[in-house]
Every structure is written in C-alpha cells, then in structure tokens.
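Computation of the quantities below employed the complete heavy-atom set of this structure, encompassing side-chain atoms and omitting hydrogens, waters and symmetry-equivalent molecules.
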Amino acid sequence: MYGARMTAPGRKGSFCFKCLFVRAARWWSRLEASFNRGIVTMSRTMQPSCGAALLAASYRKVVASPPLFASGQRNYLVAAERSRCVIASRPQNVLPFANNYATRVAQRRFSSFASETTGLCDFVGGHNTACQTVSACRPGSFRPRKRQELATGYYLHRSIHSTTRASNGGCAPGAREASSGDSTPNVRRVQLGNDATWLFPSNALQQLEDSNHLLDDAQALRTSLQEKGYLFIRGLHDRDDVLKARLAVLRHIDKVNSNALNLAGHDLQEGVLASRCGAGCVPFMEGRNSITHSEEVSRVLEGHRAVKFFSTLFGEDARTFDFKWLRGMHSSGYTGAHVDNVYMSRGTDKLVTCWQPLGDVTVDMGTLAVCEGSHKLAGFKHFQETYGNFDVEAGKLQGTGWFTEDPKEILKFGGQWKTSDFKAGDALIFTLRTVHMSTANQTHFARVSCDTRWQPAAEAADPRYVGETVGHSEVKFGVYASDDDGSAKESVTESVTMDGLRRQWGV
C-alpha cells in the first residue's frame, strides 16, 4: 500500500507515499544527528516556559521555518549568521521570560536580523526588560560548509539567565539581580567607544578583577590601586539605597522632560527610553542641584559606607567634591577614551574617581572600561606628558576633551581594556591618570550613573568643584560636547581641537 502510486482525480501524474516517508525519515535522521553532535543545544538553565524553533537560513537570506519546538502559542526562533546568535520571537507573540511580566515585542520584520545586534533586548526594540543579554556564539561555532548551504541547526552558546524577581514583578535593569554562580562565560558582542567589533569577555576586553578580598587591608588596597590603576568593589553601596536613588533620578528626568521616558505599559523604575530619545533628550544633571543633593541620591554618593571606604583607602579623613557628575545615558551614547586629569588637575594628585551605576547595568547598557596599567606603563609616558597634563578649560579646547573614541588607538601605547557587568551597589575607583571610556548603550534603557571624586580632606581641592555655589564654565566637555560640530564656538572665541593638539604632540 505504501509503495503504491496513486493518481489524483482530474490530474496527470502520480504521487508516491513511499517517497514521501523516505524523504521525511532522511530529514529527521539528519536533524537527530545534528542534535547528537551538539549543533543544536538546549541549555539546562533555560526556563521551562521557553521553547525553541529552527530558522533555516542561507548565507544572506533569512527564511522562517515551522517551529520544531513550541510552548503553547509562543514560538521561538534560534537564529545565527555565522558566529552571531540572537533569540527572537514571531512578531505577533509575546516573550514571557518573567513569570509575571509579559514583554511587548516591536513589530519588526526578520530582515532586521542582519544588523550587528546580538542582544535580545536590542533585537526586539528594547521592550524585553526581563532578560539578561543573550550571548553571541563562540567564534567559529557555526561555519556553513558552503555559502549557499541551508543550515539545519545552529549552536546556541548560552540560554537566557534566570533572573530574580523584584517586588514590582518586573525585571528592569534597576530592579533585577544579575545572575550569579554560573561559571560559563556569557560571551557578548559589545560596542566599546565607536568600535562595535568587541567581544566580552575575551582576551581583548577582559573581566575586571574585584578587590573585595583586600577590604580589610588598607595598604593592600593602596598597592593594588597603584599597580593596576583601579579598584573594583562589589557592594560598596547598599543595594536598596541605590535603587531608591535610581527611582528618584528617573522621577526627576520625567519631571524635566516628560517625553524622555516611555511609561506606556512600563514602570518608571524600568527606565525605558522613548523611541525618539537620543542625544540631548535626557536632561543635564551634573553639578550641585536639587537631584544630585536630594536625600535619596546623597545617601548613596556621600553615605557612611562611601566615607568609611575612602577614609580607609587614604589612611586619613576623606572628602568628596560637591560637584557630582550625574548622568542618564541615552541609547547609542558612550564616553570616549580620556584621563580625568585633563578636567580637574588644579588640586591634589591624590584625587580618585568613583564611578557607580544607579541600578544593574550590563556591558550592553554602557559600563565603564579601564585600560589597566595606562597610568604607569612606559608606553604611556609621552601620552601622559602631553595629553595627560593638558587642562582642557585653560587650553580653550573645543569639543569633548576625549583623546579618542577608538579604543584600539589606546592599545598602541600598551595596557589592557577591562570592564564588567555591574550590580546596583558596585563601584569602580581609578586614578586621575587611568585611561578609561565606556561601552555604548545598545539598549532602550536609560543608563543612570554618577561619577564622584574623593581625596584626602587635608589636601588642596580643585576650587571649581567645591563649595555651596559650585559650577562649571559655559563650556561643557565629555558626552555633552562634540568634536564634530561648532557647539562650543559660541562660548569660546579662541579654541583648539584635539586633532590639532595630537598632531602638535605627535601622538
């Protein structure tokens, strides 16, 4: 019977049921072999509600196929182009990665898959606040035999992390616990400065080494700071205090610009940016003002835990600048490579910077990265003697004050770029001469953070940043300035550019 050829009424030709079953059996055999070889892998840490489906793809064209696995009506696609992997959902469905929080998926065609995005939040428009970043595949884990070959399976290096639910039932960056206890590196493609070709963690962009084991030894802390140029302290601030400060800042942002945040279906604590919120959308919050010195924010920035730590580090009473560098980084925003000495060199050289995110911040949201050893390595000697000694305000610089936006330009002097995912309460401390920059905010969340400066209380302080009426000149540097346009020309009559200075210095 199965071998019989049947001719449909009114049609010429015949149909072979045996051929159909043989072909189906061969297809299933190849697929099963793919699973056995580990080409398609489901991680044990994947949440039970998650399903997966195959996406057949040629080298350049993405074609959706029927789901291999499904969880109710929620179909998931596992897709990869060579060594890059993302997880996406069919646009008409929702992604239920949180038990009590269904995220809304932007209506996008799968053609957008060809972008450089490797994070789920980016791919679906930033609306999935319940996810950790999805990793990029390990380089070389998928290599098509031929460019035209249709792939029947892809290797998903790591599934989405499980997350700790906050009291609001959501999983926003400021309200979730980053996963811990997983020894498998969560390899992701990130943008460091203007360069989107970096993988983290990798040999090029390594994980920061925390210094918590040195907290009981002040001399060891000082030695480590002198050797590496930074200290990474987990839990320097109280987590609950940090989240309260975050909420206060987000309320301030919404009060000043009601169009900055997307509150349609999102809690304020999530900090979801409006789709059109780019550079200049998030209000300027630096200085000494009602939000930097609000009760909630001051409890973190000038709290007893911070005072105790820096007094221990200096071995004497510590003080902090009244000026606070409080920021909400917009989507695609980042900070270029620089040293802080160019902005605040008119006081003691024992000044240190403390960068603390107000909330949980992953590398794809814009974390600070330091170039280890850049404060003392011989290769940086000319760099430090020229750029490092330059006073951007006295020198009437036009632009940001950054040396470069390309992290690879720094590596020609030496050093090692390092960064990390940060939890609310973590802090990164570094010297005036340590080269640092940030990864780009590749999500649709506002990355809220603050830079504070600390020094021994008995040492001279830069007068521009202390006192009841601290302020800055009319010229703004850093992320609020530009090296490409004439934004500073109106307030600076005689200006110089970083490109011109670099040619003059020969660096």
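Ring geometry, Tyr343 versus His338: the interplanar angle exceeds 60°, so the pair is classed perpendicular (tilted spans 30 to 60°). Aromatic ring pairs are classed by plane angle as parallel below 30°, tilted from 30° to 60° and perpendicular above 60°; the pair Phe323 and Trp325 is tilted. In this pair, His436 and Phe430 present their aromatic rings tilted. The plane angle is within the 30 to 60° band.
Side-chain contact between Val361 and Ser449 is absent, with no heavy-atom pair separated by less than 4.5 Å. Using a 4.5 Å cut-off on side-chain heavy atoms (C-beta onward), Phe310 and Cys354 make contact. Between Val307 and Trp454 there is a side-chain heavy-atom pair separated by less than 4.5 Å. Counting only heavy atoms from C-beta outward, the side chains of Leu432 and Met344 approach each other to under 4.5 Å. Residues Lys408 and Thr197 are in side-chain contact: their nearest non-hydrogen atoms beyond the backbone lie under 4.5 Å apart. Put simply, the side chain of Glu209 reaches to within 4.5 Å of the side chain of Tyr230, judged on heavy atoms. Residues Phe200 and Gln207 have side chains in contact (heavy-atom distance under 4.5 Å, counting atoms from C-beta outward). Leu501 places a side-chain heavy atom less than 4.5 Å from the side chain of Leu397.
The closest donor-acceptor contact from the side chain of Ser211 to the backbone of Leu231 lies at 3.5 Å or more, if one exists at all. Under the 3.5 Å distance criterion, the side-chain polar atoms of Asn212 are matched with a main-chain donor or acceptor of Arg234. Proximity of a side-chain donor or acceptor of Gln356 to a complementary backbone N or O of Cys450 within less than 3.5 Å is detected. In terms of modelled atom types and a separation under 3.5 Å, the side chain of Asp451 and the main chain of Trp355 share no donor-acceptor contact. Of the possible polar contacts, none joining the Arg246 side chain to the Gly359 backbone as a donor-acceptor pair under 3.5 Å is found. A donor-acceptor distance shorter than 3.5 angstrom exists from the side chain of Thr439 to the backbone of Val363, with no hydrogens or angles considered. Here the side chain of Asn441 pairs a donor or acceptor atom with the backbone of Met329 at under 3.5 angstrom. Arg305 contributes a side-chain N or O that, together with a main-chain N or O of Leu236, makes up a donor-acceptor pair within less than 3.5 Å. Of the possible polar contacts, one joining the Asp426 side chain to the Gly235 backbone as a donor-acceptor pair under 3.5 Å is found. A donor-acceptor pair under 3.5 Å is formed between the side chain of Thr312 and the backbone N or O of Lys308.
A salt bridge is defined here as a Lys NZ or Arg NE, NH1 or NH2 lying under 4.0 Å from an Asp or Glu carboxylate O, and Asp340 with Arg453 meets this definition. Taking 4.0 Å as the cut-off between side-chain N and carboxylate O, Arg464 and Asp462 count as a salt-bridged pair. Look at Arg188 and Asp364 and you find no salt bridge, because none of the NZ, NE, NH1 or NH2 atoms lies under 4.0 Å from a carboxylate O. Looking at Asp391 and Arg346, a side-chain N of the basic residue comes within less than 4.0 Å of a carboxylate O on the acidic one, giving a salt bridge. Note on Arg251 versus Glu296: no salt bridge recorded, every NZ/NE/NH1/NH2 to OD/OE distance being 4.0 Å or above. Using a cutoff of 4.0 Å between basic side-chain nitrogens and carboxylate oxygens, Arg319 and Glu459 are not scored as salt-bridged.
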- [ ] Show your reasoning for whether side-chain hydrogen bond (donor to acceptor under 3.5 Å, both in side chains) applies to Thr452 and Thr320.
- [x] CA-CA 7 Å; Thr452 54; Thr320 182; 4.9 Å; no
Task: Verdict with supporting geometry, Ser420 and Thr367, side chain to side chain contact (heavy atoms under 4.5 Å, CB included) - done: CA-CA 7 Å; Ser420 177; Thr367 58; over 6 Å; no
- [ ] Output, in order, the C-alpha distance, side-chain angles, deciding distance and verdict of side chain to side chain contact (heavy atoms under 4.5 Å, CB included) for Glu409 and Arg502.
- [x] CA-CA 12 Å; Glu409 284 196 49; Arg502 289 184 59 176; 2.5 Å; yes
TODO: Decide ring pair (Phe, Tyr, Trp, His ring centres under 6.0 Å) for Phe422 and Phe232; before the verdict, give the C-alpha distance in whole Å, the side-chain angles of both, and the deciding distance to 0.1 Å.
DONE: CA-CA 10 Å; Phe422 285 72; Phe232 181 36; 5.1 Å; yes
Open item on the list: The test is side-chain hydrogen bond (donor to acceptor under 3.5 Å, both in side chains); show your working for Arg433 and Asn389 and say whether it passes.
Closed with: CA-CA 9 Å; Arg433 298 284 184 165; Asn389 285 335; 2.5 Å; yes
TODO: With side chain to side chain contact (heavy atoms under 4.5 Å, CB included) as the test, would you mind laying out the steps for Met437 and Trp402 before giving the verdict?
DONE: CA-CA 9 Å; Met437 66 189 311; Trp402 303 337; over 6 Å; no
Task: side chain to side chain contact (heavy atoms under 4.5 Å, CB included) evaluation trace for Leu243 with Gln269 - done: CA-CA 8 Å; Leu243 296 181; Gln269 178 78 0; 4.0 Å; yes
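Looking at every heavy atom in both residues, Val242 comes nearest to Ala424 through CG1-CB, 3.8 Å. Closest approach of Pro283 to Ile253, counting heavy atoms only: CD-CG2, 3.8 Å. Scanning both residues, Val342 and Gly388, for their nearest heavy atoms gives CG1-O, 4.2 Å. The shortest non-hydrogen separation linking Ala460 to Gln455 is O-NE2, 3.3 Å. Pairing each heavy atom of Thr419 with each of Ala369, the nearest pair is CB-CB, 3.8 Å. Of all the heavy atoms in Asn186 and Pro201, the pair that sits closest is O-CD, 3.6 Å.
For an aromatic pair to be called close, the ring centres must be under 6.0 Å apart, and Phe403 with Trp505 fails this.
For the atom pair Met498 CE and Thr400 OG1, the distance stands at 6.5 Å (nearest 0.5 Å). For the atom pair CG of Leu192 and CG of Asn194, the computed distance is 9.0 Å after rounding to the nearest 0.5 Å. A distance of 7.5 Å separates CH2 in Trp417 from CH2 in Trp198, rounded to the nearest 0.5 Å. The NE2 atom of His237 sits 16.0 Å away from the NZ atom of Lys423 when rounded to the nearest 0.5 Å. Distance check: Lys376 NZ to Gln226 CD gives 8.0 Å after rounding to the nearest 0.5 Å. Atoms CZ and CG, on Arg447 and Leu358 in that order, are 10.0 Å from each other to the nearest 0.5 Å.
Residues Asp406 and Thr404 have side chains that never bring a donor and an acceptor to within less than 3.5 angstrom of each other. A donor-acceptor pair shorter than 3.5 Å cannot be found between the side chains of Gln398 and Thr497.
No more than 12 heavy-atom neighbours from other residues, nucleotides or ligands sit within 6.0 angstrom of CD on Glu295.
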